[in-house]
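Okay, so here's the structure we're looking at.
Every value quoted in this text rests on a predicted model; they were computed, and no experiment measured them. Just so it is clear: chains get the letters A, B, ... in the order the sequence lines come, proteins before strands, and each one is counted from 1.
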Amino acid sequence: MKGLVAAEPRLPEISSDGRSGALDIDLSLFSAAVVLRAVYKLTARAHVFTEPTEPSGGRWTVTFRARGGQDIDAVIGDFANELIDQRLREEMSLEMAPLRELVVAQAFAEGNLLDALRDEGDWEEDPQGIGRAGGPGGR
Amino acid sequence: MGADRLPVVGPRAGLFRDRRHFEPGAGGYRFLPFRFMRWSPEEILLVNDIGETVFLPRAAFEAFAARRLNRRSPEYAELAGKHFLHDSVHDTPIELLATKYRTKKAFLRGFTSLHLFVVTLRCDHSCHYCQVSRVSENRERFDMAEATASRAIDLMFRSPSPHLKVEIQGGEPLLAFDRLRFIVDSVLDRNAEEGREVEIVVATSLSRLTDEMVDYFRENRVLISTSLDGPSFIHDANRPRKGRDGHRRVTENVAKLREALGHDRVSAVMTTTELTLRHPREVVDEYVRMGFDSIFLRPISPYGFAVRTGEAARYESEQFLVFYRQALDRVLEVNRQGYDLVEVYAQILLTRMLTPFATGYVDLQSPAGTVLGAVAYNHDGDVYASDEARMLAAMGDTTFRLGNIHEDSYEALFAGEVARALAASSVIEALPGCAECAFLPYCGTDPVFHHRTQGDFIGHRPSSGFCAKNMGIIRHLLELLRGPDELVRDLLTSWGVGVALGDVPPADDAAPLLQPEPFASCR
């Protein structure tokens with residue numbers, strides 16, 4: 001197919017005892033906040049160690065050591081999927097956060113933050129112009 | 001953001017706006033606030049900030065997230081109708097969301113509405129899971145003094161809430177009946193001036209009930225909440241007393257109280273122990289045998305004797321969830337057979353899932369109901385952020401002690417350092433693990449529980465028993481609501497929205513079951 005090139009899969013390295021594994025993460029793909037939120041969700045199933053892969057800090061190595069009887073393959077696989085979900089959440093929240101704040105502010109405000117005149121305006125002054133056009137009933 | 005004024009055309013010029021004003025904008029759609037989780041490999045669950053749900057196939061979710069969702073698709077219509085996307089010039093979706101959001105947070109308006117009075121620590125039971133660290137019957141120095149009760153009542157009426165619930169507890173409060181009566185009389189006398197809606201509940205094992213007490217409860221319209229852990233082999237094993245006749249006494253006295261007070265004035269709760277886990281069906285059947293119309297399937301709390309006897313650690317959340325699902329199945333089965341029985345915790349969650357209304361259940365609020373929803377006045381005058389906080393203090397941990405009735409002002413108790421720390425650490429919209437959870441609108445947090453089990457007010461969500469329990473039950477309820485059994489779907493819906501089973505509309509009825517009043521009239 002045009003534009004697509006086959007590649008060798010790059011899978012995480014699993015330790016010989018089958019309890020540890022590591023992933024190398026490019027921070028240009030996933031922000032530090034995204035990585036940490038994804039890591040957090042796995043911290044009941046594994047001990048997690050994060051460190052810069054290189055001095056410039058553009059890549060992190062995240063190492064998992066399974067807790068209890070956890071399957072390290074499953075832990076790392078779930079982490080990889082969680083990275084994608086957290087990135088999507090981060091992107092969506094850029095748009096949703098202001099609206100979420102507006103909804104909460106509007107819910108608790110004493111006045112109407114969206115259109116103050118609609119509730120507080122003087123009906124005789126008719127700031128919305130509701131009664132201005134001609135027609136039946138003086139409207 | 002405001003509405004554009006388009007040219008007005010047609011014979012009714014000046015009366016209505018042109019239809020173009022109401023069409024979706026040409027600029028695509030915007031996301032309205034929601035959260036999502038991967039429900040299964042094929043489906044994504046979306047939940048918006050007021051608790052509406054949409055399940056999308058993976059491909060549809062990916063299209064929606066990439067803003068490529070076909071506006072003529074049924075998924076688009078559902079997302080628009082339930083306020084997950086916004087594609088017009090109107091503010092209406094924002095206003096509706098704000099109205100419903102305010103309704104969901106209505107519990108904040110009245111501040112503390114539940115006031116627990118611990119009239120005594122004396123008790124004639126030795127329940128294995130006792131969270132009270134009760135003392136033996138003859139230690140009257142563990143009764144609440146009259147002056148302490150009076151002061152607690154004064155503090156209670158400082159609350160701005162128009163609805164006040166007085167819950168009288170122990171130990172066994174009937175062992176301090178004179179004090180109990182003093183509190184009830186004083187509250188009712190004071191309320192004759194205050195004019196609040198007051199509800200009085202006595203939480204008792206009923207082992208010491210006398211005819212005099214029955215008459216008093218009837219005259220003063222007191223509600224009774226007792227404990228019934230199941231049939232006698234479970235109840236008496238969990239809740240031993242001298243004579244091993246606790247179950248018999250409960251059975252006899254529930255009947256006596258129902259006759260005197262009315263059937264719906266007596267309720268019961270159970271506590272799940274390791275023994276209970278093995279008998280979900282028998283527990284439910286006992287509630288049916290005794291004619292109760294509700295059952296509250298509660299796990300053990302990790303306080304008091306429950307910790308000392310090891311009961312609290314004896315089962316993990318997953319074991320409780322297995323028990324819960326089995327017991328709920330039995331509840332649904334008895335309903336199918338024609339007996340009306342509601343599972344209370346499911347009902348609370350379903351109300352949050354299916355309506356915009358707050359439930360007042362202090363353990364499922366954000367911020368948490370500690371102080372904001374409930375306080376406990378201990379027999380010695382110490383005031384605690386919750387009943388569980390009081391139990392923790394009996395174990396030597398006074399982290400959640402707000403102060404003392406006789407030493408501290410209302411402001412110092414209800415708005416002091418502890419109260420503020422609890423509020424600040426329990427807004428789940430800002431907590432790690434909770435903030436992005438799709439179940440957030442249905443859930444809450446318990447800083448006392450997390451402090452006790454994890455050493456931290458906020459807690460560690462991935463290993464939290466509170467989180468595991470709630471996520472497990474919410475998921476199970478969603479599965480049932482989407483399941484093939486129409487009766488189960490209708491039954492759960494009736495529990496959640498508070499209508500009779502026969503009044504639940506068919507699934508294809510487009511009319512919503514409940515809508516709050518339009519924005520302006522909510523003010």
Side-chain angles (χ1 to χ4, degrees), chain A residues 33-34 36-46 48 67-68 70 75 78 81-82 84-120 128-139, chain B residues 1-3 5 8 11-16 30-38 41 44 48-50 61-62 64-67 83-84 86 90-106 108-109 429 432-433 435-437 460-464 467-468 519-520 522-523:
Chain A
V34 163
L36 291 173
R37 285 198 190 97
V39 161
Y40 180 79
K41 286 191 86 169
L42 280 300
T43 48
R45 298 166 62 192
V48 188
R67 297 172 73 162
Q70 293 288 330
V75 169
D78 288 346
N81 287 345
E82 187 63 29
I84 296 168
D85 285 353
Q86 291 293 348
R87 178 176 160 169
L88 187 55
R89 290 187 181 105
E90 185 177 71
E91 288 172 1
M92 288 178 154
S93 74
L94 288 175
E95 177 178 328
M96 289 195 285
L99 277 174
R100 179 168 276 144
E101 287 171 13
L102 180 60
V103 167
V104 175
Q106 178 74 336
F108 292 106
E110 290 299 320
N112 188 335
L113 300 178
L114 297 169
D115 185 352
L117 283 179
R118 199 185 65 188
D119 287 354
E120 310 299 332
Q128 297 280 344
I130 293 170
R132 243 171 254 154
R139 300 179 72 185
Chain B
M1 188 181 298
R5 288 216 175 80
V8 179
R12 307 277 291 183
L15 196 59
F16 297 112
R30 301 176 63 181
F31 302 124
L32 290 173
F34 70 91
R35 298 171 179 86
F36 71 88
M37 71 165 49
R38 295 192 181 271
I44 311 295
N48 68 11
D49 281 13
I50 53 169
F61 175 73
E62 289 169 1
F64 172 58
R67 300 176 204 279
H83 310 313
F84 283 79
H86 178 33
H90 301 290
D91 302 333
T92 308
I94 307 293
E95 294 177 13
L96 284 172
L97 284 172
T99 300
K100 292 183 182 182
Y101 193 90
R102 184 170 61 249
T103 304
K104 275 210 175 285
K105 298 292 187 182
L108 291 169
R109 201 175 296 142
E429 287 82 353
E436 71 255 18
C437 180
H460 178 244
R461 285 299 168 280
S463 59
S464 161
C467 182
F519 180 86
C522 272
R523 297 199 177 280

### Query
Side chain of A:Arg89, backbone of B:Phe36: donor and acceptor closer than 3.5 Å?
yes
### Task
Just give me the residue among A:Asp85, A:Asn81, A:Val104 that pairs up with chain B most often, heavy atom to heavy atom, under 4.5 Å.
A:Asp85
#### Entry: Residue B:Leu32 versus chain A: region with a heavy atom under 4.5 Å
both
### Task
Search all heavy atoms of B:Pro462 against all heavy atoms of A:Ala44 and return the closest pair with its distance.
O-CB, 3.3 Å
### Task
May I ask you to test the A:Leu99-B:His86 pair for a side-chain heavy-atom distance under 4.5 Å?
no
### Task
Please confirm whether the backbone N or O of A:Gln106 pairs with a side-chain atom of B:Tyr101, one donor and one acceptor, at under 3.5 Å?
no
### Message
My understanding is that only residues two or more places apart in sequence, or in another chain, count here; which of them pass salt bridge (charged side-chain N to carboxylate O under 4.0 Å, His left out) with A:Arg37?
### Response
none
### Query
Rounded to the nearest 0.5 Å, what separation is found between the CE atom of A:Met96 and the CZ atom of B:Phe84?
10.5 Å
### Query
Say you draw a straight line from CD of A:Glu82 to CZ of B:Arg38; how long is it, rounded to the nearest 0.5 Å?
8.5 Å
### Message
Distance check, rounded to the nearest 0.5 Å: A:Thr43 atom OG1 versus B:Arg461 atom CZ?
### Response
11.5 Å
### Query
In terms of heavy-atom proximity below 4.5 Å to chain B, should A:Glu91 be classed as side chain, backbone, both, or neither?
neither
### Least distance between heavy atoms, B:Ala65 atom then A:Met92 atom
CB-CE, 3.5 Å
### Check: B:Asp49 and A:Val103 side chains under 4.5 Å, non-hydrogen atoms
no
### Message
A:Glu95: which residues meet the side chain to side chain donor-acceptor pair (under 3.5 Å) condition with it, sequence neighbours left out?
### Response
B:Arg67
